[in-house]
Amino acid sequence: FFEDLIALLRSWREEGDRIIVCLDANENIYTKRIGQALTDIDGLAMKEVVGEYTGKQLGATHFRGSQPIDGIWATQDIEILNACVMPVGYGMGDHRCFVIDISQSSMVGRSPVRVKRLQARRLNNKLPGVQERYTKTLEQLLLRHKVDEDHRKAHLARTKEEAQELLATSERKSQQFMAHAEKRCRKIKSGRIPFSDEAVKWIKRAEAYRTLLRYKAGKKVNRGNLGRKCRRLLILRPFQLSVVEIAARLKACENKCDHFRKHGQRYRRKHLDRRLGIAQKKGDEVV
């Protein structure tokens, strides 16, 4: 273990990495080989952060022990802002708890890499009906845009270059159709607001007002569909509203959505109770 640990840390250090080691060494961290190897000036040249910060060596770190067997070491380019070791009894284990404050700039840099949130795949064969909807949409697109006709033209092409170009075009079209079919195969909801009849009304109204703002901004919006949606939501004369009025109503809807995001479970229980009562009256045991 000792040789593998030191070799791994040296390889990371040679690559320019900054290192923090938290270790239960099961031996004196000042006099035995693990602690000495980590702080060796001619080697890793790490610092034992608590002793470096406080100016005093650690005492016993196990509740029954007499020697410091736990420690945290860091390379010289890690900035320690505060460091301490809590008394026995703090924390969950039988070792003393270490509390270290490290500056973010020295740990991850001043411009840390932005973690991109991964999107869930809509096409999941384990969910009922998803595969059938995906296949149906994809087949309709392939037939409508005559992809088989493109393959026939490629087969009858006079030159190899012409055939390759036709097949490449067909492949690009097929990839676009597959991506579109996946988007249509199922809906993914965020779940931030528990579903209830009261909540969904304000969610849909907020969506309608956002679409109205896009319409007022000259974006491509189906006016007929938008008008019908507003009538279903009891939004009167939507196209006569000014941008200021729409923005004010959207703000009110967003405030309502925030309310349901915080207190939506109460409305969700009422909704489920109503649905249960309806199912019991119908004798529907499946629901």
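Index from 1, following the sequence.
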Do any N or O atoms from the side chain of [X] and from the backbone of [Y] form a donor-acceptor pair under 3.5 angstrom?
| X | Y | value |
| --- | --- | --- |
| E48 | V50 | yes |
| R122 | R186 | yes |
| T39 | A45 | no |
| S11 | L8 | yes |
| K173 | K146 | no |
| Q36 | T31 | yes |
| R237 | L241 | no |

Please determine if [X] and [Y] form a salt bridge, counting it only when a charged side-chain N lies under 4.0 Å from a carboxylate O.
| X | Y | result |
| --- | --- | --- |
| D273 | K270 | no |
| R205 | E198 | no |
| R13 | D77 | yes |
| E254 | R210 | yes |
| E149 | R152 | yes |

Does [X] share a hydrophobic cluster with [Y], counting links as ILVMFWY side-chain heavy atoms below 4.5 Å and allowing steps through other members?
| X | Y | result |
| --- | --- | --- |
| Y30 | F98 | yes |
| L44 | M107 | yes |
| L250 | V200 | no |
| L23 | V99 | no |
| L58 | I69 | no |

List the atom of [X], the atom of [Y], and the distance in Å for their closest heavy-atom pair.
| X | Y | answer |
| --- | --- | --- |
| L226 | L212 | CD2-CD2, 3.6 Å |
| E27 | I34 | OE2-N, 3.2 Å |
| S170 | V147 | OG-CG1, 3.4 Å |

Gap between atom OG of S196 and atom CZ of R275 - 0.5 Å precision: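 One finds 12.5 Å between CZ of R275 and OG of S196.
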Is there a salt bridge (Lys or Arg N to Asp or Glu O under 4.0 Å) between D258 and R192 once you walk through the steps? CA-CA 10 Å; D258 289 339; R192 290 178 296 177; over 6 Å; no
Between the side chains of [X] and [Y], is a donor N or O closer than 3.5 angstrom to an acceptor N or O?
| X | Y | answer |
| --- | --- | --- |
| R172 | T169 | yes |
| T137 | H180 | no |
| E79 | S106 | no |

### Message
Are Y267 and F195, when compared by the centres of their aromatic rings, separated by less than 6.0 Å?
### Response
no
Q) Does the gap between the ring centers of H259 and H263 come in under 6.0 Å? A)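 They qualify: ring centres under 6.0 Å apart.
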- Query: Near K229 NZ, under 6.0 Å, is it more than 12 heavy atoms from other residues, nucleotides or ligands?
  - Reply: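 Above 12, so yes.
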Exercise. Taking everything shown except K153 itself, do over 12 heavy atoms lie less than 6.0 Å from its NZ?
Worked result: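 12 or below, so no.
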task: Answer yes or no on whether R184 is positioned over the face of Y134, meaning its NZ or CZ is under 6.0 Å from the six-membered ring centre and within 45° of the axis.
output: no
Using a 3.5 Å cut-off and no angle test, enumerate the donor-acceptor pairs between side-chain atoms of residues 82-96 and protein atoms at least two apart in sequence or in another chain.
{"from": "N82", "atom 1": "OD1", "to": "Y53", "atom 2": "OH", "distance (Å)": "2.9"}
{"from": "D94", "atom 1": "OD2", "to": "H62", "atom 2": "NE2", "distance (Å)": "3.4"}
{"from": "H95", "atom 1": "ND1", "to": "D70", "atom 2": "OD1", "distance (Å)": "3.3"}
{"from": "H95", "atom 1": "ND1", "to": "D70", "atom 2": "OD2", "distance (Å)": "2.7"}
{"from": "R96", "atom 1": "NE", "to": "M86", "atom 2": "O", "distance (Å)": "3.0"}
{"from": "R96", "atom 1": "NH1", "to": "A60", "atom 2": "O", "distance (Å)": "3.0"}

